[in-house]
Participant: 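This is the structure I want to talk about, given as structure tokens.
Sequence lines set the chain letters: A, B, ... in the order given, protein chains first and strands last, and positions in each chain run from 1.
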Amino acid sequence: MQTLAQLPAAPAAPLFKRFASAVGEHLLIVPHSRLFDVPAEWAAALDHPDDTNGEDDDVLRLVSALAHTAYGEAALEQVAAPTPQSLSLNVSTSCNLACAYCYAGQGAFAGAQPAPMTWETARAAIDRLFAGADAQAPVTVGFLGGEPFVNRALIQQAVPYAASAGAARGLDVRFAVTTNGTLLNEADVALLRAHRFAVTVSVDGGAALHDAQRPLAGGQPGSFARLCAALRPLLDEPGQALIAARATVNRHDFNLGERFAAILAAGFPEAGFAPLRNAAPQAGALTDADWPRYLTALIELAEAELARALQGENIRLTNFAVALKQLARGASSPYPCGAGGGYFSVAANGDWYACHRAIGAPAYRLGDNGGLDAARRREFLTARHVHAQSDCQRCWARYLCSGGCHQEAAQRTAASCDFVRGWLEFCLRAYCELSARRPQFFSSLEEQQ
Amino acid sequence: MSQQDPIKLIPRNAAALRRGQTPEAAARLVTGNSAATRLESGVGNCFPGLECDIRNLERRFFPFLEVDLRDIVRDGELIAVAVIAAVDAAGVQNAVAAGQLSAAQGAIYQTIANEVNGPNGGQPPFWFIEELSGSFIGQLGNQTLQLIELRPPSVGAGRRPPDAWTAIRLLAEDTPVTIVARRDGAATTQTLTGKRMRYLDDNGALAQMFAPGELTQSLCSPWTHDFRDCGCYYWAANHPDIAKPPLLTPPPNLPALNADVPWQRVERELTDSPVSATANQPAELRHYEINHLWQTLNFVLEGRELLGPYEPGAPSQVEPFATQAELETHLRYAAGVELAVMHEYLTAAFSLKVTGPAGTLLDDARAAQAELLRVAIGEMRHLRAVNDVLAAFSSAAAPFTPALRVATSVPGAQAGEFLPVLARPALPAVIAEFLVIEAPARSVDKLYTRILATLQQRGTDEQEQAIRAIMAEGEEHLETFQFIQEWLGRHSPNDYLRAPNLAPPPAANPLHQTLQQRYRALLQQLFDGYRQGLPAGAPNINAARSLMLGPTGLQGAAEAVAQAGFLVVFEPLADPRFAPLDHP
């Protein structure tokens with residue numbers, strides 16, 4: 001991994017956060033997300049980190065020592081350019097649904113992506129990815145759009161090609177697709193079963209809500225029924241595919257429990273929620289007043305899943321399951337995602353963008369199938385490092401949230417950040433309780449990996 | 001926060017554990033800890049060896065006291081076995097202030113503290129625990145013990161613990177304990193009552209009262225006391241159980257000197273009739289004996305104990321080939337042998353049943369198949385190395401023809417003996433024959449020994465190293481077959497083979513035909529690749545590799561034949577480039 005620059009943290013950046021759970025007092029060391037149990041009587045000493053009377057010198061010295069980058073960890077100050085390992089191909093430029101909040105404008109990105117991707121473009125992108133990929137880590141080829149299966153011929157051609165070309169290079173190739181699920185036919189299902197596909201299905205809830213939020217292109221309802229019918233064979237027999245539902249939440253309905261139940265009843269093994277932040281006003285993006293309501297609803301749902309996990313069952317709420325896994329590992333990063341680092345999204349014309357949501361945005365165009373522009377990449381990664389975000393400098397959650405989605409940074413408000421912190425506080429508490437009372441939950445996660 | 005109080009932080013996620021894993025932290029010495037070890041990776045037992053001495057836990061069995069369990073002998077008479085080393089006077093004061101300890105008990109602690117805390121702690125006059133009362137685990141029940149009187153054995157009704165440490169160790173946690181302490185030489189005693197301390201806290205971590213280094217403070221070198229028990233399958237690889245005894249000078253040719261003796265035998269006199277390892281319970285050094293006598297244990301090389309410097313034996317006389325033509329003929333035969341044994345190994349590998357219910361049988365069959373395939377791939381590397389050596393001998397006048405003919409027989413264990421190449425399932429006798437083929441100084445190894453001797457005379461260093469590498473891998477293959485023999489030996493062939501009477505498929509069988517086609521295509525690619533050499537031949541060699549592995553390769557075709565219930569067999573080819581080759 002090439003280091004491009006060093007961006008030190010702000011001097012006032014908090015190094016730790018104290019919190020309590022049902023199993024005791026805990027300390028989160030913010031850099032590198034280290035978690036410790038601490039004696040209750042000592043935890044009080046952590047409450048006044050700003051005292052300068054010498055009383056807290058010991059606390060600060062200890063915390064600073066724990067915050068040091070350990071052997072084998074990447075320094076958080078680094079602006080680094082890792083090897084691209086994941087690529088999404090924007091194979092289609094249209095969609096059979098007409099969701100009001102679509103970031104991609106049904107795949108056309110407001111005219112920036114007029115024509116679907118050709119085989120030559122897809123193959124060149126895959127070849128480029130494989131040529132530089134590190135064989136020690138998995139490589140992922142994803143399919144996006146529009147609705148990717150509008151251009152199923154390309155997917156059907158690209159997957160076997162990538163599988164065999166990857167195998168010839170000794171790469172561990174995996175696939176991903178985000179789909180509305182309504183167009184899957186028998187051949188598509190066979191393809192998804194036969195490869196290690198992460199299949200993310202956009203499903204917002206039960207039939208009524210889903211049909212309202214995700215109408216067919218002509219505006220009619222019925223998308224939920226089509227989705228269920230087309231996806232049934234894959235849900236019944238997923239083969240190598242891992243299927244998850246992803247639901248968009250707008251400000252008009254925070255009854256997450258009902259949606260969650262409806263999605264699971266449709267046969268999905270797990271479901272995650274994504275709040276709508278960046279959309280046209282009529283689409284229902286969350287406002288400052290909505291964030292506390294959303295937080296309450298999400299925690300209520302997660303509490304029920306936590307109770308299940310304590311009884312030895314799995315967690316089906318993706319947001320929660322992922323957060324717990326990350327906390328167990330001590331995930332800590334100055335970036336919220338791999339955009340421009342390990343991940344790129346290839347537009348239908350072969351241009352490489354840092355993010356699939358930014359097709360057509362000049363600031364995100366970092367290269368093409370001929371190669372990446374090192375200077376533009378450096379500029380992009382430096383500007384998006386969490387140490388460069390003035391809002392984040394004094395936040396204890398900065399290496400867990402990392403500033404959130406780049407595309408939504410403009411919509412960041414105190415209220416939306418309070419939501420993130422509130423959610424993370426809940427997850428930290430839940431992690432400590434679950435790991436203390438049912439440590440096997442985490443050992444079985446390791447085995448699955 | 002007071003600087004005196006150590007704070008116990010308990011890691012709760014992987015990142016917290018990682019913090020302790022810096023190279024600096026790994027190298028940092030903690031006062032009192034052994035220089036070679038860190039506690040979290042430690043192995044503890046009750047010997048004063050290894051990485052921690054759990055007897056030190058008992059130093060803290062009684063509230064506010066540190067107790068050293070050591071014998072004090074004066075004028076040949078044992079006067080104490082449990083000496084009070086220190087008193088936590090501050091802890092006592094706090095407990096009295098908080099009403100957890102009576103003032104009278106606090107005063108007794110203070111009296112003892114005044115004498116044992118400080119620079120002369122433990123020196124005369126000292127305090128020791130004379131009597132111990134409490135509830136002991138198991139059949140011992142409630143007892144009052146005079147510690148100095150405890151002796152082994154501990155048997156029968158009304159039994160007492162055999163020694164002071166065992167007694168304290170058997171006190172039930174959190175139950176009331178009473179001690180009677182005496183100042184050395186004083187007429188009166190002091191009685192204290194408290195609960196047997198808990199050594200671990202609620203999280204399973206060592207209780208706060210233990211100081212860094214306390215558990216390791218009594219360590220000694222494991223190379224004496226505990227080393228005695230490091231027998232086979234346990235701990236130290238450099239502790240042989242048995243060895244051949246030292247040879248007398250001049251060595252008489254006695255069978256007794258070629259039989260194994262116990263390495264740590266008591267009887268260490270040099271004799272021409274040492275006690276055999278197979279004797280009924282030969283006397284071996286005990287723990288305390290080995291502490292004094294470990295330096296008398298002999299170094300062992302090549303299975304024999306040595307008394308003086310090692311002198312390597314004369315290298316075996318190997319005759320190089322007389323002519324270049326003879327060398328090349330044998331190199332071609334060696335290539336043919338590599339191909340032939342690869343055939344045999346693949347046939348055996350695919351005869352194994354690698355599906356079925358989970359368990360030892362399945363694990364062993366899968367491991368054996370994986371290792372057979374790995375060895376077969378190793379033979380392909382050898383084939384390449386031999387061809388590289390041959391290619392180097394070519395010239396414009398005598399262009400290189402790759403050596404890809406398959407030997408009809410391979411060298412046997414005895415000189416002049418040859419074993420026919422046969423397609424056979426992995427029966428015990430077949431695996432035994434594979435062991436012969438890979439054995440050092442026999443069979444294939446012997447063939448390469450002459451090639452090596454010739455190349456040492458007139459080859460390049462690179463050619464010599466190529467042959468050495470093949471021979472070294474042969475040794476590794478031998479070891480692998482020994483493992484395979486062990487794994488499969490645990491089961492009946494009827495259980496681990498796909499079928500009891502596996503036979504080659506009919507010649508017209510389509511799966512068999514596919515296998516032969518792919519094999520021919522593979523040889524063709526190898527032929528083209530080897531002939532061109534590198535880098536020009538690289539695409540062919542890569543293509544050959546692709547043809548070997550995966551469902552569309554040789555592997556997939558062989559798997560299909562095996563699944564159809566047949567032996568995987570490679571037919572002799574008529575093409576003169578790949579035709580059968582007899583031994584020279």
Side-chain angles (χ1 to χ4, degrees), chain A residues 21 23-39 41-46 48 54-63 65-73 163-164 167-170 324-332 399 428 431-436 439 442 446, chain B residues 1-28 30 38 40-41 91 94 98 198 200-210 212 358 377 525 538-556:
Chain A
S21 76
V23 297
E25 292 284 343
H26 311 281
L27 176 66
L28 167 72
I29 299 294
V30 170
H32 304 291
S33 305
R34 306 189 207 288
L35 284 171
F36 294 91
D37 295 356
V38 296
E41 65 275 14
W42 185 71
L46 293 165
H48 310 286
E55 181 80 346
D56 287 309
D57 277 4
D58 290 343
V59 174
L60 293 176
R61 203 175 299 126
L62 176 63
V63 163
L66 294 173
H68 275 250
T69 301
Y71 184 57
E73 288 177 337
S164 74
R169 287 177 177 270
L324 289 174
K325 199 159 79 176
Q326 302 278 50
L327 289 175
R329 194 164 68 79
S332 177
Y399 302 119
L428 284 165
Y431 168 74
C432 291
E433 291 170 8
L434 188 55
S435 64
F442 295 95
E446 276 168 31
Chain B
M1 177 174 89
S2 139
Q3 285 196 330
Q4 283 80 40
D5 297 337
I7 294 158
K8 290 216 171 182
L9 297 178
I10 298 159
R12 167 114 352 252
N13 70 352
L17 285 168
R18 271 202 301 274
R19 179 61 188 93
Q21 292 170 346
T22 63
E24 306 85 61
R28 185 166 51 92
V30 175
R38 285 167 58 77
E40 66 261 28
S41 60
N94 290 340
R198 295 180 65 195
L200 303 181
D201 66 13
D202 289 341
N203 292 306
L206 272 178
Q208 293 237 6
M209 61 194 174
F210 289 102
I377 290 169
Q525 291 288 1
N540 298 98
I541 289 174
N542 281 336
R545 285 187 184 143
S546 304
L547 278 167
M548 285 185 211
L549 301 173
T552 56
L554 201 62
Q555 190 181 7

Participant: Heavy atoms only, distances under 4.5 angstrom: which of B:Ser546, B:Pro11, B:Ala16 has the most pairs with chain A? Name it, please.
Facilitator: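 It is B:Ala16.
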
Participant: Shortest non-hydrogen contact from B:Arg12 to A:Ala436?
Facilitator: NH1-N, 3.5 Å

Participant: For the residue pair A:Ala328 and B:Asn13, what are the closest heavy atoms and their distance?
Facilitator: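 For A:Ala328 versus B:Asn13, the nearest heavy atoms are O-CB, 3.4 Å.
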
Participant: Specify the closest pair of heavy atoms between A:Gly330 and B:Ala15, including all atoms of both residues, with the distance to one decimal.
Facilitator: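 Minimum heavy-atom contact is CA-CB, 3.6 Å.
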
Participant: Side chain from CB out, backbone as N, CA, C, O: work out which of these in A:Leu66 comes under 4.5 Å of a heavy atom of chain B, or both, or neither.
Facilitator: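 Both the backbone and the side chain of A:Leu66 come within 4.5 Å of chain B.
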
Participant: Should B:Arg18 and A:Glu73 be marked as a side chain to side chain contact (heavy atoms under 4.5 Å, CB included) after you check the CA-CA gap, both sets of side-chain angles, and the distance that decides it?
Facilitator: CA-CA 9 Å; B:Arg18 271 202 301 274; A:Glu73 288 177 337; 2.7 Å; yes

Participant: CG of B:Leu17 to CG of A:Leu35: how many Å apart, nearest 0.5 Å?
Facilitator: 11.0 Å

Participant: Can you confirm whether A:Trp42 sits close enough to B:Leu9 that some side-chain heavy atom of one is under 4.5 Å from a side-chain heavy atom of the other?
Facilitator: yes

